[in-house]
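Working notes, structure below.
Keep in mind that the numbers below use all heavy atoms, side chains included, and drop hydrogens, waters and symmetry copies.
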Amino acid sequence: YIEAVNVDDLNKHIQFFSAMIEHRLRNLHWPNGMPLVKIPTIDSNDESRGPVIPVLFLTPSGSLLPHKIVERMFVKKGICARTGCFCNPGSGLQMLFSFLETFGHSGQDDFVDKHMMALKETNRVEEFLTANAHQGMVRISVGLPTNTADVNALIDCIKEDILAKPFEIERMSNVYKAKGPVPYSKC
């Protein structure tokens, strides 16, 4: 089966659907006009575009939406996406810091505002991940079986279960964050 798949065609397929998902996600906004996601900028003509789109979801107020809430919404619809701080917590933390520095944030996440630079300088990664476990990313992957129906199902889920419920999502986010630190090993 693998030998029957042309690698160049596979790469084009992955690049096409990765670009489609990224474009459609970037065009989603909360009813108040705030963007739903932050995604690192990738040139749409970049032939090195890979199969993974790392995404930070935001609440209507602009703070980071806990990845576990997004994951829960996806699971209910049978959509598989990886969430959290990646397999390597250090790289996940590094990407999160990079995103926050590049895109900024609304000031809603006091822990990040107060401690981001200190944690980077002292390398207290475990402390940061434990105290801020809700701020992981969602990684959406594209592969050979991905098709337009899959992309539509993803976007429909986001529109129906997240964007259509701004007050509920904001409340869920606040409740989740208020529960306090969860040991990183459980996030």
Side-chain angles (χ1 to χ4, degrees), residues 21-40 52-89 91-100 102-116 119 125-142 150-187:
I21 291 169
E22 180 183 337
H23 174 75
R24 292 189 63 189
L25 286 172
R26 286 184 188 279
N27 286 307
L28 295 175
H29 292 81
W30 290 102
N32 65 3
M34 292 291 291
L36 174 67
V37 300
K38 291 182 181 179
I39 304 172
V52 178
I53 302 115
V55 182
L56 287 173
F57 279 78
L58 306 174
T59 65
S61 65
S63 67
L64 294 174
L65 178 61
H67 62 88
K68 289 294 187 184
I69 293 173
V70 177
E71 179 181 45
R72 188 177 329 145
M73 299 300 174
F74 285 2
V75 167
K76 287 180 183 178
K77 295 286 175 90
I79 296 170
C80 182
R82 304 246 334 171
T83 66
C85 291
F86 304 100
C87 300
N88 176 345
S91 67
L93 179 63
Q94 192 171 29
M95 184 172 273
L96 178 61
F97 280 143
S98 173
F99 274 20
L100 293 173
T102 301
F103 295 113
H105 46 88
S106 67
Q108 299 292 323
D109 299 299
D110 290 337
F111 186 90
V112 175
D113 288 336
K114 292 177 184 173
H115 302 288
M116 185 168 74
L119 289 173
V125 172
E126 184 71 23
E127 177 185 329
F128 177 87
L129 292 174
T130 296
N132 227 17
H134 66 277
Q135 294 191 4
M137 293 189 193
V138 176
R139 295 182 301 169
I140 299 167
S141 299
V142 174
D150 295 327
V151 176
N152 290 339
L154 170 70
I155 299 301
D156 288 346
C157 171
I158 292 168
K159 287 179 177 178
E160 295 166 9
D161 297 333
I162 297 175
L163 284 176
K165 304 172 182 179
F167 299 110
E168 182 179 342
I169 293 297
E170 192 77 57
R171 182 191 58 75
M172 289 170 61
S173 178
N174 291 335
V175 167
Y176 189 93
K177 292 173 186 177
K179 287 182 181 178
V182 176
Y184 172 70
S185 60
K186 298 191 183 209
C187 73

I need the [X] [atom1] to [Y] [atom2] distance, nearest 0.5 Å.
X: Leu154; Y: Ile21; atom1: CG; atom2: CD1; answer: 6.0 Å
X: Met172; Y: Ile169; atom1: CE; atom2: CD1; answer: 5.0 Å
X: Phe74; Y: His67; atom1: CZ; atom2: NE2; answer: 13.0 Å

Residue pair Ile140, Leu25: steps toward the side chain to side chain contact (heavy atoms under 4.5 Å, CB included) verdict: CA-CA 11 Å; Ile140 299 167; Leu25 286 172; 3.8 Å; yes
NE2 (His23) with more than 12 external heavy atoms under 6.0 Å: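 At most 12 heavy atoms, drawn from other residues, nucleotides or ligands, come within 6.0 Å of this atom.
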Just to verify, what does Lys77 make a side chain to side chain contact (heavy atoms under 4.5 Å, CB included) with, not counting sequence neighbours?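 For Lys77 the side chain to side chain contact (heavy atoms under 4.5 Å, CB included) partners, ignoring immediate neighbours, are Ile79, Cys157, Glu160, Asp161.
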So, do [X] and [Y] sit near enough that their side-chain heavy atoms are less than 4.5 Å apart?
X: Arg72; Y: Ile69; answer: yes
X: Val138; Y: Glu71; answer: no
X: Lys165; Y: Met73; answer: no
X: Asn152; Y: Arg24; answer: yes

Apply side chain to side chain contact (heavy atoms under 4.5 Å, CB included) to the pair Val70 and Leu65, showing each step before the final yes or no. CA-CA 8 Å; Val70 177; Leu65 178 61; 3.6 Å; yes
Contact summary for Pro35 and Trp30, nearest pair of heavy atoms: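 Shortest heavy-atom separation between Pro35 and Trp30 comes out as O-CD1, 3.6 Å.
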Output side-chain donor-acceptor pairs under 3.5 Å for residues 52-60, partner residues at least two apart or in another chain, one line each.
from: Thr59; atom 1: OG1; to: Ser61; atom 2: N; distance (Å): 3.4
from: Thr59; atom 1: OG1; to: Ser61; atom 2: OG; distance (Å): 3.0
from: Thr59; atom 1: OG1; to: Gly62; atom 2: N; distance (Å): 3.4
from: Thr59; atom 1: OG1; to: Ser63; atom 2: N; distance (Å): 3.2
from: Thr59; atom 1: OG1; to: Ser63; atom 2: O; distance (Å): 3.4
from: Thr59; atom 1: OG1; to: Ser63; atom 2: OG; distance (Å): 3.1
from: Thr59; atom 1: OG1; to: Glu170; atom 2: OE2; distance (Å): 3.4

